[in-house]
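Counting starts at 1 for both ligands and their atoms, in listed order.
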Amino acid sequence: MNDGPGAFGFPHKHLLGIEGLNPIEITALLDRAESYVEQNRQADKKKAVLSGRTIINLFFEDSTRTRTSFELAGKRLGGDVINMSVATSSVKKGETLIDTAMTLNAMHPDVLVVRHPDSGSVKLLSEKVNCAVINAGDGQHEHPTQALLDALTIRRRMGKIQGLRVAICGDILHSRVARSNIHLLTTMGARVRLIAPRTLIPTGIEHMGVEVFNDMREGLEDCDIVMMLRLQKERMDGNYLPSVREFFHFFGLDYAKLEGAKPNALIMHPGPMNRGVEIDSEVADDFGRSAIHEQVEMGVAVRMAALEILTANLEEHLQRNL
Ligand code: ASP
């Protein structure tokens with residue numbers, strides 16, 4: 001599915017995950033996104049790149065920033081964007097994921113942006129439709145545009161990704177953000193540490209080329225980036241923690257724990273944040289060190305790049321019947 005050179009050097013029809021992308025392909029997406037950052041800061045933010053194109057946001061799980069970000073991205077490029085809310089759709093009437101996808105496919109969208117609670121479901125859907133598909137988060141599996149926006153934020157702040165020491169902390173077990181970031185950061189040559197209680201570390205995760213720590217002070221030592229994750233209670237079907245208070249005491253990011261990291265270490269969080277659970281409010285709002293709002297800003301640029309590139313690749317893929 002990736003024989004041609006593809007638009008801007010990115011050859012794929014879909015963006016389903018970071019796993020399997022090489023550094024050149026990741027850099028192609030980041031470079032294109034970079035070109036949109038300045039445009040998004042201007043009064044006139046519109047371009048006609050996606051004029052005549054249709055993008056459908058199909059979200060089977062709640063989302064605030066990701067859905068809004070894709071909507072803005074599509075509209076800023078001049079596309080028509082439709083948001084499908086599952087609460088009001090025929091999915092509630094028993095239609096399956098694939099039926100829904102096929103129905104939407106018959107309306108000839110150019111891109112389907114899909115979020116679904118089941119890992120692997122977005123890939124399955126991509127095999128049944130003609131349009132390009134972007135994974136906006138599938139269960140605990142991947143959230144590729146989040147990892148890309150994190151990478152863009154890091155690259156802009158630190159000037160590089162290669163060689164940086166990045167700590168990803170908290171609920172790794174349930175986090176698609178962690179998985180996509182591990183793939184991206186290790187592919188781009190960063191050194192990744194995971195810091196979490198034993199119960200929130202997936203078995204065998206070391207095979208992804210990361211180091212595992214169960215102590216914040218040890219794990220954060222000399223880190224350039226401290227990426228906190230939300231405690232994802234909605235995905236927990238058992239007792240993973242004695243209490244939230246204890247979790248914050250041992251694993252919540254506060255200034256005391258941050259001392260071990262490099263003095264200019266960047267603080268990140270994909271949102272939504274649980275203040276006082278995985279991150280102390282003061283640290284989260286430390287505008288010198290926290291890149292949390294910048295991550296949201298970069299999200300729009302990254303999604304513009306992804307929509308533009310996949311749409312540009314679509315003709316070629318359809319001609320080759322891929
Ligand atoms: N917004 C991210 C996601 O959809 C992170 C989170 O929900 O904690 O995975």
Side-chain angles (χ1 to χ4, degrees), residues 15-19 57-73 83-86 112-123 133-154 166-185 194-197 200-202 205 225-237 240-241 244 247-248 251-253 267-279 281 283-284 290-303 306:
L15 179 58
L16 300 173
I18 300 295
E19 186 177 10
N57 282 330
L58 180 59
F59 277 60
F60 294 85
E61 254 186 17
D62 288 343
S63 163
T64 315
R65 73 205 72 216
T66 305
R67 197 194 53 69
T68 313
S69 182
F70 269 111
E71 184 176 356
L72 269 182
N83 293 312
M84 277 221 28
S85 153
V86 169
L112 270 180
V113 178
V114 188
R115 170 170 287 192
H116 195 279
D118 296 338
S119 304
S121 55
V122 181
K123 178 165 192 306
V133 176
I134 299 181
N135 180 4
D138 62 326
Q140 296 164 207
H141 178 228
E142 281 233 35
H143 191 353
T145 54
Q146 177 70 47
L148 288 162
L149 72 88
D150 290 339
L152 186 60
T153 308
I154 294 173
V166 183
I168 306 180
C169 318
D171 188 357
I172 314 282
L173 184 65
H174 301 101
S175 177
R176 52 197 176 207
V177 174
R179 267 171 205 78
S180 288
N181 263 304
I182 294 169
H183 285 304
L184 190 148
L185 292 164
L194 305 181
I195 316 176
L200 293 179
I201 294 276
I205 192 106
I225 311 283
V226 184
M227 193 182 280
M228 301 307 297
L229 298 172
R230 183 174 65 89
L231 205 54
Q232 301 187 37
K233 296 217 197 78
E234 77 279 15
R235 297 192 200 284
M236 295 186 185
D237 53 7
Y240 289 86
L241 303 164
V244 164
F247 179 77
F248 181 73
F251 292 96
L253 188 68
I267 299 156
M268 302 178 75
H269 193 303
M273 265 186 289
N274 292 313
R275 291 170 182 267
V277 177
E278 68 264 353
I279 190 162
S281 249
V283 175
S290 159
I292 295 170
H293 292 293
E294 208 170 311
Q295 288 173 265
V296 178
E297 182 188 5
M298 294 309 126
V300 181
V302 156
R303 285 155 186 144

Check whether the side chains of R115 and H143 place a donor and an acceptor atom closer than 3.5 Å, and report yes or no. yes
Using a cut-off of under 3.5 Å, which N/O atoms of ligand 1 pair up with protein N/O atoms, and what distance separates each pair?
| from | atom 1 | to | atom 2 | distance (Å) |
| --- | --- | --- | --- | --- |
| ligand 1 | 1 (N) | G271 | O | 3.0 |
| ligand 1 | 4 (O) | R115 | NH2 | 3.1 |
| ligand 1 | 4 (O) | R176 | NE | 3.4 |
| ligand 1 | 4 (O) | R176 | NH2 | 2.8 |
| ligand 1 | 7 (O) | R230 | NE | 3.3 |
| ligand 1 | 7 (O) | R230 | NH2 | 3.0 |
| ligand 1 | 8 (O) | R230 | NE | 2.7 |
| ligand 1 | 8 (O) | R230 | NH2 | 3.4 |
| ligand 1 | 9 (O) | R176 | NE | 2.9 |

Of all residues at least two apart in sequence or in a different chain, which pass the salt bridge (charged side-chain N to carboxylate O under 4.0 Å, His left out) check with R176? E61
Please check: side-chain N/O of S119 versus main-chain N/O of Q140, any donor-acceptor pairing under 3.5 Å? yes
Heavy-atom pair of closest approach, residues L184 and A147: CD1-O, 3.7 Å
Looking at every non-hydrogen atom in both residues, tell me the closest pair between R303 and S69 and how far apart they are. NH1-OG, 2.9 Å
Can you tell me how far the CE atom of M227 sits from the CD1 atom of I154, to the nearest 0.5 Å? 4.5 Å
